[in-house]
Amino acid sequence: MDILTWTYLLVGLSFALYIGIAIWTRAGSTKEFYVAGGGVSPLANGMATAADWMSAASFISMAGLISFAGYDGSVYLMGWTGGYVLLALLLAPYLRKFGKFTVPDFVGDRYYSNKARVVAVICALFISFTYVAGQMRGVGIVFSRYLEVPIEWGVVIGMCIVFFYAVLGGMKGITYTQVAQYCVLIFAYMVPAIFISMQLTGNPVPQLGLGGSLEDGVPLLEKLDGVLADLGFAEYTSGRKGMGDMLMITLALMVGTAGLPHVIVRFFTVPKVKDARLSAGYALVFIAILYTTAPAVAAFGIYNAINSTSEKELAALPAWVETWQKTNLIQIEDKNGDGKVQYLPDPNANELTIDKDIMVLASPEIAELPNWVVGLVAAGAMAAALSTAAGLLLVISTSVSRDLFKTFKPDISEKKELRIARFSAAGAMILAGYFGVNPPGFVAEVVAFAFGLAAASFFPVIILGIFSTRINKEGAITGMVVGLVFTIAYISYFKFIAPDLNNASHWWFGISPEGIGSVGMLLNFATCYFVSKITPQPPAHVQDLIQEIRIPRGAGAAQDH
């Protein structure tokens with residue numbers, strides 16, 4: 001069968017599975033819609049969390065970004081993985097013990113203020129819409145290539161699928177759908193990685209293949225360094241970013257991970273606090289399978305892509321180039337008229353432009369793997385993008401229905417609240433589709449901005465809310481506003497207002513827009529602390545509540561013997 005037939009078959013079967021699970025697990029109450037009834041097992045929640053976490057940015061874009069950035073791309077591996085450890089140790093158990101449905105729920109009750117809750121809702125909406133734009137962009141890219149439809153139509157098709165199982169099943173439907181999506185995406189990621197590792201290095205383990213040697217006995221990374229140096233690029237294993245910016249981006253990604261509302265809400269779905277810790281451990285194992293493979297996929301991809309295109313006659317270019325040119329994600333322009341393709345660091349002389357988001361999707365075709373592997377990768381990419389998009393939609397819908405409507409209309413019936421949640425998800429899906437068609441950058445870049453916003457807004461107030469009895473509502477509200485506004489303003493200036501100035505010589509202290517969330521976070525911490533110092537302490541019952549959250553279950557007062 002050809003690639004298109006395999007793609008229709010595998011994507012169609014996986015979609016049928018997701019929709020079937022959504023119908024089987026449809027939510028019948030607000031608790032099932034928001035937190036899957038609170039009865040998900042740690043293993044299932046670990047798989048669902050991994051799927052929720054491994055979005056289009058992880059599956060499609062991360063390896064592509066590392067392919068072109070080399071050593072500098074390691075910030076995404078370090079930041080996203082380290083952030084999950086931070087979340088598992090510092091936040092998940094305490095938030096689960098607090099027992100609320102959402103992050104704004106926690107903020108509103110911990111800071112005894114509906115104003116704080118509303119500010120938290122606004123932060124959650126900014127973060128979620130920024131993040132979901134990257135997911136819908138990924139959906140559009142996959143459909144555009146494999147189903148041979150325009151990216152805009154690809155986004156619309158993805159919207160309809162996510163809308164169905166997110167609106168029908170809520171968190172209950174999403175959870176069990178994400179378990180299936182994890183199985184699909186990890187299989188789809190590992191199979192081509194194993195094939196290509198065997199093909200290049202003779203080692204079936206991609207992580208070992210990355211450090212292995214090619215047929216001529218030269219280590220892969222050494223050969224890749226040489227190939228790029230010959231073309232005029234920096235060596236693959238050398239860094240180009242400043243150390244300070246690397247640190248700030250890594251920190252923003254780490255603390256942003258720990259502040260992402262759609263990841264945090266997963267820990268409200270398990271029965272006990274112990275289960276929250278256990279499911280975080282499972283999730284780390286499941287995530288590590290993909291994250292330790294990504295550097296190998298990146299190196300294999302860029303090596304094969306350069307070898308198959310650079311200095312080749314236009315008429316002798318491989319079939320995959322022509323296929324991807326149809327999507328406008330690869331562009332070739334013979335600028336010097338010599339009939340060959342030159343891949344060069346000078347944008348005025350470079351004749352080959354490859355979109356970073358296609359490296360993982362195109363790798364099986366570049367390596368000339370069987371057609372069924374290409375179709376499998378398409379199904380996996382769809383699973384990755386849709387799983388995270390569904391989680392984000394739920395955050396948006398619960399933020400509107402529970403944290404806004406119920407705040408101002410506390411007597412609203414459960415049936416009406418559930419209806420509002422579903423309508424909110426529908427509206428959010430339409431807006432997310434617009435951002436998918438008109439994204440502010442490539443997938444991983446858009447997602448990095450979402451992490452920066454989460455770092456600057458949520459992380460400080462959650463950490464201080466758990467570990468400090470002195471931080472009050474005035475400090476939390478002011479801190480969230482200062483952190484969010486500063487970060488949005490910085491990113492907007494360099495990305496939209498003055499993109500020509502978006503370089504290290506114009507950045508504030510050399511910090512890129514991807515790393516500015518770290519500064520926003522520090523401003524948030526400082527603002528929370530100083531405003532709380534000059535305003536009244538939280539009420540006694542709130543301070544007692546904070547102490548109770550941190551005490552392990554069954555622990556009593558210390559005894560003097």
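This structure is a prediction, so every number in the text was calculated from the model and none was measured.
- In this view, Asn350 satisfies the side-chain hydrogen bond (donor to acceptor under 3.5 Å, both in side chains) rule with no residue, not counting sequence neighbours.
- Between the CE atom of Met359 and the OG atom of Ser67 there is a distance of 4.5 Å, given to the nearest 0.5 Å.
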### side chain to side chain contact (heavy atoms under 4.5 Å, CB included) assessment of Ser74 paired with Met246
CA-CA 9 Å; Ser74 62; Met246 287 277 285; 4.1 Å; yes
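- In this structure, CE on Met248 lies 8.0 Å from CE on Met521, to the nearest 0.5 angstrom.
- Ser532 contributes no side-chain N or O that, together with a main-chain N or O of Ile471, makes up a donor-acceptor pair within less than 3.5 Å.
- The side-chain hydrogen bond (donor to acceptor under 3.5 Å, both in side chains) check on Asp72 picks up nothing, with sequence neighbours excluded.
- A side-chain donor-acceptor contact under 3.5 Å links Ser58 and Tyr291.
- A distance of 10.5 Å separates CZ in Phe451 from CD1 in Ile127, rounded to the nearest 0.5 Å.
- Nearest heavy-atom pair, Ala252 versus Ser518, reported as atom, atom and distance to 0.1 Å: N-OG, 3.0 Å.
- The environment of Lys115 atom NZ is sparse: at most 12 non-hydrogen atoms of other residues, nucleotides or ligands sit within 6.0 angstrom.
- The nearest pair of heavy atoms linking Val297 to Ala193 is CG2-CB, 3.8 Å.
- A pairwise comparison of heavy atoms in Gln178 and Ala51 identifies O-CB, 3.3 Å as the closest pair.
- No side-chain donor-acceptor contact under 3.5 Å links Asn524 to the backbone of Pro460.
- Between the NZ atom in Lys356 and the CD1 atom in Ile66 there is a gap of 13.0 Å [rounded to 0.5 Å].
- Across all their heavy atoms, Ala383 and Leu185 have their closest contact at CB-CB, 4.2 Å.
- A side-chain N or O of Gln207 and one of Thr293 form a donor-acceptor pair less than 3.5 Å apart.
- Aromatic rings from Phe233 and Tyr343 are positioned such that their centres are separated by under 6.0 Å.
- Put simply, the side chain of Thr535 never gets that close to the backbone of Glu474: no donor and acceptor are under 3.5 Å apart.
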### Task
Carefully, step by step, assess Ile491 and Lys495 under the rule side chain to side chain contact (heavy atoms under 4.5 Å, CB included).
CA-CA 6 Å; Ile491 292 172; Lys495 285 296 174 181; 4.1 Å; yes
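- For Tyr94 and Phe467, the gap between ring centers is short of 6.0 Å.
- At least one donor-acceptor pair closer than 3.5 Å links the side chain of Asp225 to the backbone N or O of Thr237.
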### Asn472 vs Tyr112, side chain to side chain contact (heavy atoms under 4.5 Å, CB included): CA-CA, chis, key distance, verdict
CA-CA 8 Å; Asn472 58 20; Tyr112 50 97; 3.1 Å; yes
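- For the residue pair Leu464 and Cys528, the shortest heavy atom distance occurs at CD1-CB, 3.7 Å.
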### Derivation and outcome, side chain to side chain contact (heavy atoms under 4.5 Å, CB included), residues Ile488 and Tyr493
CA-CA 8 Å; Ile488 289 175; Tyr493 178 77; over 6 Å; no
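- Side-chain atoms of Tyr111 come within 3.5 Å of backbone N or O of Gly465 as a donor-acceptor pair.
- Ring pair Phe494/Tyr490: centre-to-centre distance below 6.0 Å.
- Using modelled atom types, no side-chain atom of Gln342 and backbone atom of Glu351 make a donor-acceptor pair closer than 3.5 Å.
- Between the side chain of Ser238 and the backbone N or O of Glu235 there is at least one donor-acceptor pair closer than 3.5 Å.
- Between Tyr236 and Tyr71, the distance separating the two ring centers is not shorter than 6.0 angstrom.
- To the nearest 0.5 Å, atoms OG1 (Thr81) and CG (Leu86) are separated by 12.5 Å.
- Here the OG1-CD distance, from Thr353 to Gln331, works out to 5.5 Å after rounding to the nearest 0.5 Å.
- Looking at residues two or more places apart in sequence or on another chain, you find a side-chain hydrogen bond (donor to acceptor under 3.5 Å, both in side chains) between Ser512 and Asp245, Glu514.
- Within 6.0 Å of CZ on Phe68 lie more than 12 heavy atoms contributed by other residues, nucleotides or ligands.
- Looking at Tyr76, its side chain never comes within 3.5 Å of a backbone N or O of Leu65 through a donor-acceptor pair.
- Few gaps surround CH2 on Trp507; more than 12 heavy atoms of other groups in view lie less than 6.0 Å from it.
- Checked against the 6.0 Å centroid threshold, Phe486 and Trp508 count as a close aromatic pair.
- Nearest approach of Phe59 to Ala188, heavy atoms of both residues: CZ-CB, 4.2 Å.
- In the model, Gln537 has a side-chain atom that pairs as donor or acceptor with a side-chain atom of Gln543 under 3.5 Å.
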